[in-house]
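All values derive from a computational prediction rather than experimental measurement.
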Amino acid sequence: IDMKDPDSAIGYLERVITTNPNNKVVLAELVGLYEEREQNGFGLGFLQEVYEKNPTNSTLAMGIGQMLAANEQSEEAIPYLEKAVQLDTSPGASTELADVYSELGQSDKAQQYYELSVRNATTTEGRVMAKVDLISHHLEQGQYQNAEKVLLSIELPAREGSELLAQIR
């Protein structure tokens, strides 16, 4: 791919996604190029067309939801992100959905999906990242005791954990 020629790169990546809609790396590149070239409307149309042929594809649902959310179309993003969460239990989709609900001021739903991200994380690093998102949510809501409780559940070296706890308090 010649990234000096984004239009050719977009065409190539679209062909790849058409034949292999599960390729997360290519989808991420394609979404980035649409945004960079300010072709979000065209990009959404293309991805939605591919998604109609692949309605059980969590990667496409997630990509469309992310593009909609990035374009301040959060309400429209929700069904796609909910579908992505239904199809893919990895924390990424539930975190994206939680972020959208948080942005819309739906704190309870946001918390529900941040907590789902924590439960679905399969690695220590993934759990820590999901818990940090949950802590941030609690802090934004002024729920300092809840944030502290989640922080204390993270397996960190003692020094790092105490420094973070001091910042919350």
Side-chain angles (χ1 to χ4, degrees), residues 21-22 24-25 27-32 34-36 38 40-41 43-45 47-48 50-52 54-169:
N22 290 314
K24 292 179 182 184
V25 173
L27 182 63
E29 282 295 322
L30 183 57
V31 167
Y34 286 143
E35 291 174 355
E36 180 183 306
E38 297 181 3
N40 289 327
L44 278 169
L47 293 178
Q48 287 170 324
V50 175
Y51 180 70
E52 286 175 16
N54 301 279
T56 60
N57 187 304
S58 64
T59 302
L60 286 169
M62 176 88 149
I64 294 167
Q66 288 174 316
M67 283 186 77
L68 288 166
N71 290 306
E72 299 178 12
Q73 296 174 282
S74 297
E75 292 284 348
E76 293 87 350
I78 289 173
Y80 290 100
L81 294 172
E82 285 178 340
K83 185 69 170 185
V85 168
Q86 178 186 25
L87 296 169
D88 182 1
T89 60
S90 68
S94 50
T95 298
E96 286 289 334
L97 184 54
D99 290 345
V100 168
Y101 278 128
S102 182
E103 181 181 306
L104 292 171
Q106 297 182 32
S107 177
D108 290 344
K109 282 191 174 185
Q111 182 170 329
Q112 172 188 342
Y113 285 101
Y114 285 126
E115 289 172 350
L116 180 62
S117 295
V118 171
R119 287 192 306 275
N120 287 343
T122 58
T123 66
T124 300
E125 180 182 353
R127 276 188 298 283
V128 169
M129 291 175 58
K131 287 180 179 185
V132 167
D133 290 333
L134 181 57
I135 290 167
S136 295
H137 174 72
H138 285 311
L139 292 173
E140 288 170 6
Q141 300 303 309
Q143 300 169 347
Y144 303 109
Q145 289 179 333
N146 290 343
E148 182 177 345
K149 181 180 173 184
V150 175
L151 175 61
L152 292 172
S153 74
I154 296 176
E155 301 93 27
L156 289 174
R159 188 174 135 242
E160 290 178 31
S162 63
E163 287 173 4
L164 284 172
L165 189 55
Q167 290 177 9
I168 289 176
R169 289 184 174 157

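Shortest non-hydrogen contact noted between Q66 and L81 is N-CD2, 4.2 Å. Annotation for L134 and V118: closest pair CD2-CG2, 4.3 Å, computed over non-hydrogen atoms. Nearest heavy atoms, S102 versus E140: OG-OE1, 3.8 Å. Nearest heavy atoms, H137 versus A110: CE1-CB, 3.7 Å. The nearest pair of heavy atoms linking I135 to A147 is CG1-O, 3.8 Å. Closest approach of L27 to G63, counting heavy atoms only: CD2-CA, 4.2 Å.
How far CG of N22 is from NZ of K24: 8.5 Å, rounded to the nearest 0.5 Å. The distance from atom CD of E29 to atom CD of E36, rounded to the nearest 0.5 Å, is 9.5 Å. Separating the OH atom in Y101 from the OG atom in S94 is a distance of 12.0 Å, to the nearest 0.5 Å. Atom CD1 in I154 sits 11.5 Å away from atom OG1 in T124 (nearest 0.5 Å). For the atom pair Q145 CD and Q143 CD, the distance stands at 10.0 Å (nearest 0.5 Å). Separating the NZ atom in K83 from the OG1 atom in T56 is a distance of 7.5 Å, to the nearest 0.5 Å.
Side-chain contact between T95 and Y113 is absent, with no heavy atoms from C-beta onward closer than 4.5 Å. The shortest distance between side-chain heavy atoms of L30 and L47 falls below 4.5 Å. L116 has its side chain out of reach of L97: every pair of non-hydrogen atoms, C-beta onward, lies at least 4.5 Å apart. The shortest side-chain heavy-atom distance between H138 and Q111 falls under the 4.5 Å cut-off.
For the residue pair E96 / Y80, no side-chain donor-acceptor distance below 3.5 Å is found, with atom types taken as modelled. In this model, no donor atom of one side chain and acceptor atom of the other lie less than 3.5 Å apart for E52 and Q48.
In this structure K131 satisfies the side chain to side chain donor-acceptor pair (under 3.5 Å) test together with S153, sequence neighbours excluded.
Between I64 and the choices T59, V31, L44, the side-chain contact (heavy atoms from CB on, under 4.5 Å) rule is met once, by L44.
With hydrogens and angles disregarded, a donor-acceptor distance shorter than 3.5 Å links the side chain of N57 to the backbone of P21. A donor-acceptor distance shorter than 3.5 angstrom exists from the side chain of N71 to the backbone of M67, with no hydrogens or angles considered.
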